[in-house]
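Keep in mind that the numbers below use all heavy atoms, side chains included, and drop hydrogens, waters and symmetry copies. Bear in mind that the values here come from a model prediction, so they are computed numbers and not experimental data. Just so it is clear: chains get the letters A, B, ... in the order the sequence lines come, proteins before strands, and each one is counted from 1.
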Number of protein chains: 4
Amino acid sequence: LAANDRETGTVHVDVWRFGMAHPGDLSALQAAIADGRVAAAEIVAIIGKTEGNGGVNDFTRGYFTLALTHLLAGHLAEDAAAIARRLPVILSGGTEGVLSPHYTVFTRRPGPPAAAGDKRLAIGIAMVPALPPEAIGRQAQIDAVEAAVHAAMRDAGITDPADVRFVQVKAGCLTGARQAAAAARGKTTATPDSGRSMALSRVAGAFGVARALGEAPAERLGEAQLLVDFGVTSAVASVSSGVEVEGVEVVVLGNVAHAGGPFRISSRPMADALDLPAVTQVLADLGLAAAPQLSPGDQGRVAAMLVKCEPARSGRIRGHRHTMLDDTDINAQRHIRGAVGAICAAVIGDGRIFVSGGAENQGPDGGGLVAVIAAA
Amino acid sequence: LAANDRETGTVHVDVWRFGMAHPGDLSALQAAIADGRVAAAEIVAIIGKTEGNGGVNDFTRGYFTLALTHLLAGHLAEDAAAIARRLPVILSGGTEGVLSPHYTVFTRRPGPPAAAGDKRLAIGIAMVPALPPEAIGRQAQIDAVEAAVHAAMRDAGITDPADVRFVQVKAGCLTGARQAAAAARGKTTATPDSGRSMALSRVAGAFGVARALGEAPAERLGEAQLLVDFGVTSAVASVSSGVEVEGVEVVVLGNVAHAGGPFRISSRPMADALDLPAVTQVLADLGLAAAPQLSPGDQGRVAAMLVKCEPARSGRIRGHRHTMLDDTDINAQRHIRGAVGAICAAVIGDGRIFVSGGAENQGPDGGGLVAVIAAA
Amino acid sequence: LAANDRETGTVHVDVWRFGMAHPGDLSALQAAIADGRVAAAEIVAIIGKTEGNGGVNDFTRGYFTLALTHLLAGHLAEDAAAIARRLPVILSGGTEGVLSPHYTVFTRRPGPPAAAGDKRLAIGIAMVPALPPEAIGRQAQIDAVEAAVHAAMRDAGITDPADVRFVQVKAGCLTGARQAAAAARGKTTATPDSGRSMALSRVAGAFGVARALGEAPAERLGEAQLLVDFGVTSAVASVSSGVEVEGVEVVVLGNVAHAGGPFRISSRPMADALDLPAVTQVLADLGLAAAPQLSPGDQGRVAAMLVKCEPARSGRIRGHRHTMLDDTDINAQRHIRGAVGAICAAVIGDGRIFVSGGAENQGPDGGGLVAVIAAA
Amino acid sequence: LAANDRETGTVHVDVWRFGMAHPGDLSALQAAIADGRVAAAEIVAIIGKTEGNGGVNDFTRGYFTLALTHLLAGHLAEDAAAIARRLPVILSGGTEGVLSPHYTVFTRRPGPPAAAGDKRLAIGIAMVPALPPEAIGRQAQIDAVEAAVHAAMRDAGITDPADVRFVQVKAGCLTGARQAAAAARGKTTATPDSGRSMALSRVAGAFGVARALGEAPAERLGEAQLLVDFGVTSAVASVSSGVEVEGVEVVVLGNVAHAGGPFRISSRPMADALDLPAVTQVLADLGLAAAPQLSPGDQGRVAAMLVKCEPARSGRIRGHRHTMLDDTDINAQRHIRGAVGAICAAVIGDGRIFVSGGAENQGPDGGGLVAVIAAA
């Protein structure tokens, strides 16, 4: 486990959100490093939304990562490949509808703690090297994620699971090539279907988080329940799966007394895709009033919005048929990202939202979760 | 002009909203006719949302219309083709995201007027027989729509343009076959591009409405301005274009003193795709409070929601880049319908919304308009 | 079983191929009935290619069927619903690339047999009423197809399985709604994934054909082998699955001595998607030389070309990676239909080819089969 | 003009074809450089097929280029940006159907000439720095391409236009962002539609080639004829347009006496998308017999196949309707690449074909051209 398992003192976490003109465009970060706003060495994680399709053949994520790691290599005494191994770059492809391609950079440095009685944003990470294809969507992946969440909590200095507000996991999936590679070694994989492997991988991630945080009994969170039991959920897990990673990357976000930057995070489950009240409530948790939309001033306080959602497997939303799951032309995850992303964007008045589809076991079935990081 | 140009007495208009299992499924209307809720002879218009792609090759609209007209032919002394010629069946393909396939049936019969000082929903229609392909996106189409709107207003008994709250227009577009047919007669068409012909046809419709209602000077609403001047708009026009119609169909909706049913209509322009306040305001116009979402009781008062929207041609929404117009995989209209439809659905808590893309000159540039019909 | 189980005398089978302007356009058949070329009462089957996406939400097939049955009802003493129950209308959606929307009408009437020593085209059909959702992709479906193939062979007057050259099967699939219906009755379905249900349904059809014709031992053709064992194949089965049918429709084609029309049929397995030699060989079987393309004269002898194909599950074709199975934007079946259809079209110089994707267990794994009906 | 305008002695050109696991995978070239087969310094051009959608938002091309230039920078005393400025990397996105992602590397070094009376493959290149957005699809672009073709011919040492067999041009297109940039400088662009800008850019390229080679009178090859006159064509131009380039890149291929490597090139126009005879003839030009498919031995002689094709604007192929131009779900260029690519692949038994859509004015209208490079 290549975790950042360090002695945690008091820290200051900053959050930077940058737009991009295309998936290889890191010019905004480059400018921020050049003018001293961002210190390359303090970057601990990047979470972004690129404009691919979000599916197995979405290469915008790999393109961004290649461009990013080469950029950072120019500023650090590390080569691009080494940076890729230790820095979580968690990208969700697909900026459907009003969504805007962007990336959020988290930096961390020593700093004074929050005022007494206050808690501020902390971040911790963990990186698991490549899992073999046969581990995807199986117990080995669940276990790897669980261990990585524990490591990332230690890295963040979070000891109480209740302080964790959001756990972003990125895990690999199967492709035709990876399945062939496994077969060549005499191994079977969990499914021959690459799309289904992405779903299995997401649920394995959610189970790993739920185990690490004690959100449900471990016996309900095993390989046999993957894509079978949708009733056991993590309230804070957000898992993406994609071809551009081979291992597991974990980012834990929470509020702690030993952190002293300007930001706080809150998160709420979404009961279904139309759960607009959950969106306004999570903003209210942070002192932001949407009536019905944030004022321009309050919009400026929002540093990041992170959403997980899912096309209801029942085929219905509040009793009315939806068509996402039967659409051969547009992938269901693209549909739901565009819809739930738009609802959230309308409330904050800004399309720069990280929305990831595939919320199986991440929040209520047919719903998902919404998190906001805002300046206090 | 095959308009319903009749002696208008006082009327009672009803609005029925039905779901469907597929585009040929009229079983809900069939049941309503069978049990006497709906009188087939009183149906004056149908506005619906089918689950196609909304583009040139969306045949779900033709399928629905064929099934509908055969159903009605079984209850009326008319054959299916005659019904298709006199009944507006205005369908928008595309139930992206949380949208739900459904159709709204408008019936009209003599009845007592509204109480003194009150106005209730009135409806009028007009049908223009087939326009030749060379008229699409040209002055001849603008003129045809203008005349049809006047006819539909007379049919509705609306004399004051200010009483008109929504004008739905459906017009044809060019296909490869129609262009070839025009060429065979030595005629040129406005464009060789079928997708572009849909846009031209929509703007010609918007210009026709704006001329009929005096929303802008006629000299700014001519063929030369089509897809050139986006600054002159109709505040109440909603125009769809599709391969399934060859002429023009117009439905005018407004509130008048001589109508006495349970419903009222209101509409508002949307300034951009994130104009959530416009949605809550149009509900407030009708006495419905969304805070942030309608209560279940108020949801029951909503009879129909009709929305027009558009991917901002600037490539930006509130300063942030969107990717709808550069997407080769998903048509931009599908993107925007899914996004704006979801925002509206989240406010009323119901995905049965008529959302039509392509709002060129229908409401503010980059925005559109939203209308609601609700029980008083 | 609603089979046409009749006393078979000697027959004359004709084959008519018509184009269409859209999925509801039956004007070419209407004209052929009107001018006496085709007798509506003699139509025994229709096999066609409509321009939908070929997936779960392809409604072009239902649209065509509705238009067709209403057309025939106007010429026969039966209503449209009764015709739909007894006439196989087997449609494959998707005219990718150079493919052209068309339908092939098979008529049958008493007539003199072939000359001694010759065999000509015979056709037989069988219709299975609706199967419940829980039967899809299960043993009950395999058994239903097997019985239907036996019935169709009797209807064709074919006693020797070796005389069967092509068996077209159309079967239903699961949708969200059908799964919900099953769940409401307390039944589980074979899969929650509608796309996967189409594949299961196709293999169940192939297994049913193989059992009926004795192409493999019955113990290798059971429910447990569905989408597991791709090594046991039918050399003549072509199975489509779609939302527009709820039961099973079977059409058997072969050459027999008691048939005396102008046509013969031949078929060949295709070893892979690039098996161009199989295409030229099946033409050569019928005395047609492609060097490399049929002469215009020989093109006129071709009455129908029927093809089944499949994106190789290995992810490779002749050692080189293909990308069909990892494409989130375009369904893999659309890819392969466009490719193999083009190869076949290039050889005969005509895009009116019935190409159906999803050839699991229908011909060699990764390949499929090609059949041609041509005038002797 | 940053052309490689050098003193040309006799040369030896080699052609290497490599597969890739994803658009950022250059491992095959890396291995070839590592083991000495390919000298990085001798690489003069790369032509490749990546697995994107080939449209405005296809970023697989930029990804490949970024990975390639970083790889070469590791072997040469140049940084990645400098390599990108001087090395043509011409990529066509879209490996529809049986096509396989791959890239062809051309190397050139001094070497003995061909035997007397023989001609062998020569290559020349030219690079035009960024054109402003307002030049795209206008006379300035035509002129820039014409000058670049002349420069590339000089670089190849080709003086007789008849020796030119293939000219690959890559040019930029408009995006929303580029149009906004032009507008900010007070410039109008040729079209507001990014898809249309790709077509304009392709035709401007074809016109530039035709002018340089004297294939048609210059007065028929001006800005006013772009996307208006499809009757004037280049028989050897293949033009791609994409968001990843901002200038113009030209590669000229021909056979000359002063070149002495193992390869020859031939090309033929394709009359339409079903012109299978053109494919077999271009192989026959090089002594390769397809009957109907190349033998495995002859497959080994083929080094590259380069194809340009187009969905017939008439909406018909050999009299039968195709649906490519009216399809809202799949871009027409994706359709035609998959179809014509499959036809070519079937003849040579190999899916590693460079097939580029958008053949306006490149070969006969509705057709295109096919070129093959093979070992003598």
Side-chain angles (χ1 to χ4, degrees), chain A residues 52-60 93-94 96 173-184 188-189 191-200 227-228 230 242-243 311-317 319-335 337 357-358 360 366, chain C residues 52-60 93-94 96 173-184 188 191-200 227-228 230 241-243 311-317 319-335 337 357-358 360 366:
Chain A
N53 60 31
V56 175
N57 67 326
D58 182 349
F59 302 106
T60 61
E96 293 81 12
C173 64
L174 297 172
T175 60
R178 289 179 186 175
Q179 296 188 50
T188 64
T189 54
T191 172
D193 179 326
S194 48
R196 182 172 170 86
S197 81
M198 296 179 81
L200 283 169
L227 292 182
V228 171
F230 295 92
V243 70
R313 287 173 307 102
S314 67
R316 297 191 168 260
I317 299 174
H320 303 296
R321 185 170 71 98
H322 71 76
T323 61
M324 295 183 267
L325 296 172
D326 288 341
D327 192 338
T328 303
D329 300 313
I330 298 181
N331 183 272
Q333 304 298 349
R334 302 204 73 176
H335 273 293
R337 280 193 303 259
E360 307 90 343
Chain C
N53 61 30
V56 175
N57 68 324
D58 182 349
F59 303 105
T60 61
E96 294 80 11
C173 64
L174 297 172
T175 61
R178 288 180 187 175
Q179 295 188 50
T188 64
T191 173
D193 179 326
S194 51
R196 183 172 168 87
S197 81
M198 296 179 79
L200 282 169
L227 291 182
V228 171
F230 295 92
S241 173
V243 71
R313 287 174 305 102
S314 66
R316 296 191 169 261
I317 300 174
H320 302 297
R321 185 170 70 98
H322 71 76
T323 62
M324 295 182 267
L325 296 173
D326 288 342
D327 192 339
T328 302
D329 302 311
I330 299 182
N331 183 271
Q333 305 298 348
R334 302 204 73 177
H335 273 293
R337 282 194 301 259
E360 306 90 344

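- Taking CZ of A/R321 as the start and OG1 of C/T175 as the end, the distance is 8.0 Å to the nearest 0.5 Å.
- None of A/T323, A/L325, A/T328 except one satisfies the side-chain contact (heavy atoms from CB on, under 4.5 Å) rule with C/N57; the exception is A/T328.
- Proximity to chain A (any heavy atom under 4.5 Å) is restricted, for C/R334, to the side chain, taken from C-beta onward.
- In this structure, chain A has a heavy atom under 4.5 Å from the side chain of C/S194, while its backbone stays farther away.
- C/D326 CG to A/D58 CG: the interatomic distance, rounded to the nearest 0.5 Å, is 12.0 Å.
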